[in-house]
Structure formats: structure tokens, C-alpha cells
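Written below as C-alpha cells is the structure these notes are about.
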Amino acid sequence: MKIKDAEIISLMQDPRTQEKGVRALMDAYQSRLYWHIRRIIVDGDLAQDTLQETFIKAYQNFHQFKNDSQLYTWLYRIATNEALQQINKLKKMQKTDEDPEYHMQNLVADNAGEDAEEIQILLQKAIQSLPEKQKLVFMMRYYDDLPYEEISKIVDMSVGTLKTNYHYAKQKIEDYIKENYER
């Protein structure tokens, strides 16, 4: 039986049941948040660490949850911020030309096979080549099928700006695939 957000919120707000609430929160959202983070970070271990940091932040700051958005939207925003912080840390620590995106692209390219798989690989490479904001908006809309209003709350951008970012991202991805697809 899946626990409802209202029940999780109630458990989290009561100090006596907070631990049970954290477990329920993790059970309910762990998989969805992991894959969201994984699309941003790519590295599985780092994504897992970032997921744990997301839940720690959610636990520590639950008193700030105002219930004016869905619980998932609030968690998604925390996860997004944590993932972006991890990327910034990686960029600062990078001492070689091989960054995580480059590594992921080469890893995926080594396993290429059929046309459909090649297009999927090109799609991932194209997504990784996008500017951060466009990448984020594209992934939330394309993979998670979130409405612009939800994305707006998560990334704190206007719906119009999000639509523009998504449009440009989509166009850049199409161009990238057309330029790089070999039949």
C-alpha cells in the first residue's frame, strides 16, 4: 500500500513519528528522485550520494515546507539544487580534460550497436551538451513529463522562460542528432 503525502507530512511534523516519516518519505520518492538526479549528474555513485544529501536536507528543513506546493515538487527542488551543487564542485575540482559528461559519452559510445541504440546515445550526448538551464528543463519535461507550472516552482523560473528554454533545447538536440547520425 502506497502512503499518501498527507500521511507523510503528518508523520514528519510530529517529533515522535518523524523517523517513521523519513522512512516513508524515502520509500515513496527514492526511485523518482534518484533518476532525476542521475540524469543531471550521470555518475551512479555520486547520484546516490546526492540523493542521500537530498533526504538529509529535506529532514533538516522540513519545518520550512509550507504545504503550498506538492511534497514531490519541494523534494524535486532540493534534489535539483543538490545535483547542481555537486556539478559545480566537480567543475571546481576538475584537473584534467576528462569531465563526467565526457566520460559518460565515451562510455556510452563504446557500447553502441543498432540504429535505435545509436540515436539514444546521440540523444544523451546532445542533452549533455546543452547549457545547464536548458538541460534541466528538457529533462524534467521530456523524461519526467512534469507540467511547466511544476517545473516553474522547482527551478524558480517563469513558465514563459521555461517554454523558451525547452524549445531551444529541443531544437539543439534535433540539430545535434541530425548532424551526428550516420546511417
Side-chain angles (χ1 to χ4, degrees), residues 5 25 28-55 57-58 61 64-92 94 99-109 116-181:
D5 281 357
L25 184 77
Y29 294 108
Q30 188 164 358
S31 180
R32 286 173 72 190
L33 289 173
Y34 172 78
W35 287 109
H36 167 64
I37 293 167
R38 180 75 190 265
R39 284 190 287 274
I40 296 170
I41 292 183
V42 179
D43 178 86
D45 291 335
L46 189 54
Q48 190 64 45
D49 291 346
T50 304
L51 177 65
Q52 295 308 315
E53 285 298 316
T54 297
F55 284 122
K57 285 264 171 75
N61 297 298
Q64 294 178 353
F65 177 66
K66 303 283 187 247
N67 222 359
D68 57 355
S69 66
Q70 293 181 22
L71 184 57
Y72 181 67
T73 303
W74 184 71
L75 290 168
Y76 210 87
R77 185 174 197 154
I78 295 170
T80 301
N81 289 337
E82 287 297 310
L84 292 175
Q85 284 178 1
Q86 285 294 343
I87 286 175
N88 288 335
K89 284 180 192 173
L90 282 176
K91 285 179 181 175
K92 287 178 184 174
Q94 214 55 250
D99 61 55
E101 293 172 3
Y102 177 81
H103 178 68
M104 189 280 302
Q105 289 172 358
N106 284 343
L107 184 67
V108 173
E117 194 172 343
E118 184 180 347
I119 290 172
Q120 279 294 44
I121 291 166
L122 285 173
L123 172 63
Q124 291 306 312
K125 287 181 178 181
I127 291 169
Q128 293 304 317
S129 73
L130 293 173
E132 285 303 318
K133 284 183 183 177
Q134 289 178 11
K135 184 189 314 183
L136 213 65
V137 171
F138 182 82
M139 289 189 301
M140 286 188 226
R141 186 86 175 121
Y142 182 80
Y143 287 113
D144 298 325
D145 200 27
L146 290 176
Y148 287 113
E149 293 74 21
E150 288 293 309
I151 299 171
S152 174
K153 292 175 185 172
I154 292 166
V155 297
D156 200 24
M157 268 191 241
S158 73
V159 171
T161 302
L162 290 173
K163 287 181 179 180
T164 301
N165 274 298
Y166 184 74
H167 172 76
Y168 284 131
K170 213 167 68 169
Q171 190 60 53
K172 286 178 184 177
I173 289 169
E174 286 175 19
D175 293 345
Y176 184 95
I177 291 173
K178 285 177 188 173
E179 287 174 20
N180 294 286
Y181 181 63

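All values below come from the heavy atoms of this structure, side chains included, with hydrogens, waters and symmetry mates left out. As the structure is a computational prediction, the values presented were derived from the model and not from experiment.
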Do [X] and [Y] make a side-chain contact, defined as non-hydrogen atoms from C-beta onward lying under 4.5 Å apart?
X    : Y    : result
I87  : E132 : yes
Y142 : L123 : yes
K172 : P131 : yes
I40  : K135 : no
H167 : K163 : no
M140 : Y76  : yes
Y166 : L162 : no
L33  : I78  : no

Determine whether the side chains of T161 and S158 contain a donor N or O and an acceptor N or O closer than 3.5 Å.
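Their side chains do contain a donor-acceptor pair, which is all the 3.5 Å distance test asks for.
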Whether the Y72 and D144 side chains hold a donor-acceptor pair (N or O, under 3.5 Å, no angle test) is what I'd like checked.
no
Look up atom [atom1] in [X] and atom [atom2] in [Y], then write down how far apart they are to the nearest 0.5 Å.
X    : Y    : atom1 : atom2 : value
L122 : I127 : CG    : CD1   : 11.0 Å
I37  : M139 : CD1   : CE    : 11.0 Å
Q70  : D5   : CD    : CG    : 7.0 Å
L71  : L25  : CG    : CG    : 5.5 Å
L75  : F65  : CG    : CZ    : 8.0 Å
R38  : I41  : CZ    : CD1   : 10.0 Å

Indicate the ring-plane relationship of F138 and Y143, choosing parallel, tilted or perpendicular according to the 30° and 60° boundaries.
perpendicular
Could you tell me whether the side chain of [X] and the main chain of [Y] form a donor-acceptor pair under 3.5 Å?
X    : Y    : result
T54  : T50  : yes
D43  : L46  : yes
R141 : L146 : yes

With sequence neighbours excluded, tell me which residues meet side-chain contact (heavy atoms from CB on, under 4.5 Å) with [X].
X   : result
D49 : none
N81 : R77
Q52 : M26, Q30, Q48
S31 : W35

Give me the atom names and distance for the closest heavy-atom approach of [X] to [Y].
X    : Y    : result
Y34  : A47  : CE1-CB, 3.8 Å
A58  : W74  : O-CH2, 3.5 Å
S152 : V159 : CB-CG2, 4.1 Å

A quick test of your reading: do over 12 heavy atoms of other residues, nucleotides or ligands sit less than 6.0 Å from NZ of K133?
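Incorrect, the count does not exceed 12.
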Is it the case that more than 12 heavy atoms not belonging to Y148 sit under 6.0 Å from its OH atom?
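Yes - once you tally the heavy atoms of other residues, nucleotides and ligands closer than 6.0 Å, there are more than 12.
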For T80, all residues meeting side-chain hydrogen bond (donor to acceptor under 3.5 Å, both in side chains), sequence neighbours excluded:
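Applying side-chain hydrogen bond (donor to acceptor under 3.5 Å, both in side chains) to T80 gives H36.
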By salt bridge (Lys or Arg N to Asp or Glu O under 4.0 Å) - contacts of K57 (at least two apart):
E82
